[in-house]
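Okay, structure first, notes after.
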2 protein chains.
Amino acid sequence: MLLSKSCVYGLRASLFLASREQGEFIPIRTMSDKLEISFHFLTKILQQLTAEGILESFKGPNGGVRLTKPGSEVPLMDIVLAIDGSQLLTECALGLPGCGIKNPCPLHDKWAETRDAIREMLEHTTLTELVNKGKAENLRLTTEGGFDILFDD
Amino acid sequence: MLLSKSCVYGLRASLFLASREQGEFIPIRTMSDKLEISFHFLTKILQQLTAEGILESFKGPNGGVRLTKPGSEVPLMDIVLAIDGSQLLTECALGLPGCGIKNPCPLHDKWAETRDAIREMLEHTTLTELVNKGKAENLRLTTEGGFDILFDD
DNA sequence: GGTTATTGAGACTCCTTTGTCTTAAAATAA
DNA sequence: TTATTTTAAGACAAAGGAGTCTCAATAACC
Ligand code: SF4
Ligand code: SF4
């Protein structure tokens with residue numbers, strides 16, 4: 001898989017957060033229920049995002065997590081880097097150790113192109129962009145429901 | 001990672017085979033030594049390629065494996081499909097189950113573009129193409145050596 | 001202060017991928 | 001026929017990713 005499961009869950013939760021009013025703390029339990037993700041697992045993932053400064057958290061009643069920046073300033077890349085690290089964009093198609101451009105393998109040129117396409121996509125797509133699209137067309141973030149299910153509290 | 005380790009090993013071994021004269025059986029032991037891959041592990045991987053008809057094998061002295069077709073007719077895609085399956089090209093960025101274009105997630109359009117770039121690359125690159133490039137520029141297939149190490153028997 | 005709601009941290013289990021090992025089957029050669 | 005070289009098949013172990021559970025820490029509310 002391109003992205004790990006943790007990463008995908010992190011992205012979905014981030015989209016959820018970006019779809020809410022900024023500044024509002026959302027309990028992880030709410031997200032895990034709506035997004036159909038194990039609560040404890042999602043908690044661990046979001047802790048990583050908090051540690052990276054992408055989210056901030058607040059304990060106790062009315063607590064939860066929220067984005068530290070408006071979703072329009074958060075490219076998908078930030079979340080991918082925080083959870084999966086940079087392997088996808090630095091590591092290589094043939095996985096040869098210690099490889100740079102100095103001593104390339106035959107696949108390098110073609111792979112570099114493809115990899116750049118992936119990088120571009122992740123860097124130039126923001127949470128808000130996807131949220132707007134998702135709201136407009138009622139696209140889905142979960143197995144069954146459309147984007148709107150996130151809002152019938 | 002984009003490709004599994006098994007898949008990468010399968011690709012490297014296939015490049016090795018494509019670099020030899022067609023029709024020649026190469027013992028797996030020779031490849032595992034040159035490519036620095038565990039013999040038993042590589043054997044299992046190549047068995048998959050044999051089962052898929054990409055390779056054919058011959059037992060006993062002077063036995064080994066070889067490509068069933070000239071390397072110029074084998075796109076990387078064939079090997080990737082045989083080992084990793086079609087997930088990479090059919091499965092989706094957000095990994096929602098049972099997803100097609102009917103009920104897409106917000107990432108679908110962007111991801112579909114990127115995925116097509118990967119598909120194009122794998123479909124339009126053949127083993128022979130990479131071998132020619134590798135021979136011409138002495139590119140590497142292993143940690144240390146250049147392409148030429150494959151030939152000092 | 002005590003109870004409740006929430007995140008934080010870590011141990012633990014489960015499953016898949018990766019890798020090793022052993023034995024069988026086939027082909028050759030002496 | 002017997003020994004040797006090779007692939008085939010499958011059991012097994014090790015490592016990492018995915019997921020569960022428990023307990024502590026913090027904040028709000030009564
Ligand atoms: S040459 Fe490029 S694609 Fe090939 S192993 Fe090195 S960095 Fe990766
Ligand atoms: S909409 Fe497209 S990218 Fe999103 S989960 Fe479905 S198939 Fe995958």
Side-chain angles (χ1 to χ4, degrees), chain A residues 1-13 17 24-68 80 82-85 87-88 91 94-95 97 153, chain B residues 1-13 17 24-33 35-68 80 82-85 87-88 91 94-95 97:
Chain A
M1 248 193 312
L2 190 77
L3 303 175
S4 71
K5 227 133 193 252
S6 296
C7 190
V8 164
Y9 291 162
L11 280 172
R12 288 209 263 150
L17 289 173
E24 185 186 5
F25 283 107
I26 311 284
I28 300 177
R29 174 72 69 183
T30 304
M31 288 194 279
S32 68
D33 286 351
K34 299 259 186 189
L35 296 174
E36 297 165 11
I37 301 171
S38 146
F39 167 69
H40 291 289
F41 194 29
L42 183 58
T43 296
K44 271 208 306 198
I45 295 163
L46 296 190
Q47 276 172 16
Q48 295 181 67
L49 294 181
T50 304
E52 295 289 328
I54 294 170
L55 302 184
E56 52 194 354
S57 66
F58 193 79
K59 287 177 186 168
N62 305 317
V65 296
R66 69 181 178 195
L67 291 167
T68 53
V80 172
I83 297 178
D84 277 355
Q87 316 150 359
L88 180 63
E91 254 187 21
L94 289 194
D153 299 299
Chain B
M1 247 195 311
L2 189 80
L3 303 175
S4 71
K5 231 140 189 238
S6 296
C7 190
V8 164
Y9 292 162
L11 280 172
R12 288 209 263 150
L17 289 172
E24 185 187 4
F25 282 107
I26 311 284
I28 300 177
R29 175 71 69 181
T30 304
M31 288 194 281
S32 70
D33 286 350
L35 296 175
E36 297 164 10
I37 301 171
S38 146
F39 166 69
H40 291 289
F41 194 30
L42 183 57
T43 296
K44 272 208 304 198
I45 295 164
L46 297 189
Q47 277 171 16
Q48 295 180 67
L49 295 181
T50 304
E52 294 289 328
I54 293 171
L55 302 183
E56 53 195 354
S57 66
F58 194 77
K59 287 176 187 170
N62 306 317
V65 296
R66 69 181 178 195
L67 290 168
T68 53
V80 172
I83 297 176
D84 277 354
Q87 316 151 358
L88 179 63
E91 254 187 21
L94 289 194

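Letters A, B, ... are given to chains in the order of the sequence lines, protein chains preceding strands, and every chain is numbered from 1.
Side-chain atoms of A:H40 lie closest to D:dC21 of the nucleotides D:dC21, C:dT7, C:dA27. Here the side chain of A:N62 is nearest to one of D:dC29, D:dG19, C:dG8, namely D:dC29. Comparing C:dT7, D:dT7, D:dT20 by their nearest atom to the side chain of A:F41 picks out D:dT20. The listed nucleotides are D:dA18, C:dT7, C:dG19; the one nearest the side chain of B:K5 is C:dG19. Considering only side-chain atoms of A:K59, the nucleotide from C:dT7, C:dG19, D:dG19 that sits closest is C:dT7. Among the nucleotides C:dT7, D:dT4, D:dT20, the one closest to any side-chain atom of B:P61 is D:dT4.
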- Task: Quick one: do A:E56 and A:R66 satisfy side chain to side chain contact (heavy atoms under 4.5 Å, CB included)? Show the steps, please.
- Result: CA-CA 6 Å; A:E56 52 194 354; A:R66 69 181 178 195; 3.0 Å; yes
- Worked verdict on B:L55 versus B:L67 for side chain to side chain contact (heavy atoms under 4.5 Å, CB included): CA-CA 4 Å; B:L55 302 183; B:L67 290 168; 3.6 Å; yes
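Residue B:F25 is out of contact with every strand shown, counting any heavy-atom pair closer than 4.0 Å. When heavy atoms are screened at a 4.0 angstrom cut-off, A:I28 is found touching the sugar-phosphate backbone but no base atom.
Residue B:Q48 contributes atom CD, which lies 12 Å from atom P of D:dA9 at whole-angstrom precision. Atoms CD (A:E36) and C1' (D:dG19) sit 16 Å apart, rounded to a whole Å. We find that CD1 of A:I45 is positioned 13 Å from P of D:dG17, with the value rounded to whole Å. B:Q47 has its CD atom 12 Å from the C1' atom of C:dA25, to the nearest Å. Distance B:I37 CD1 to C:dT17 C1': 16 Å, rounded to the nearest Å. Regarding A:F58, its CZ atom lies at a distance of 8 Å from the C1' atom of D:dA28, rounded to whole Å. Distance, A:L55 CG to C:dT6 P: 17 Å, rounded to whole Å. The interatomic distance linking A:E56 (CD) with D:dA27 (C1') rounds to 16 Å, in whole Å.
Under 4.0 angstrom from either OP1 or OP2 of D:dG17 there lies no side-chain N or O belonging to A:S4. Contact annotation: B:T43 side-chain N/O to D:dT7 OP1/OP2 distance is not under 4.0 Å. For the OP1/OP2 pair of D:dA18 and a distance below 4.0 Å, the side-chain nitrogens and oxygens of A:Y9 include no atom meeting the criterion. Applying the 4.0 Å criterion to OP1 and OP2 of C:dG8, one finds that A:S57 has a side-chain N or O inside that range.
With hydrogens and angles disregarded, a donor-acceptor distance shorter than 3.5 Å links the side chain of A:D84 to the backbone of A:S4.
Atoms CD1 and CZ, on B:I26 and B:F58 in that order, are 14.5 Å from each other to the nearest 0.5 Å.
Of all the heavy atoms in A:L42 and A:A13, the pair that sits closest is CD1-CB, 4.0 Å.
In terms of position along DNA chain D, the nucleotide closest to B:P27 lies nearer the 5' end than the nucleotide closest to the other residue of the pair B:P27 and A:S38. Along DNA chain D, the nucleotide closest to B:K44 and the one closest to B:F39 are compared, and the more 5′ of them pairs with B:F39.
In this structure, A:L3 and A:L11 have side chains that are in contact, with non-hydrogen atoms separated by less than 4.5 Å.
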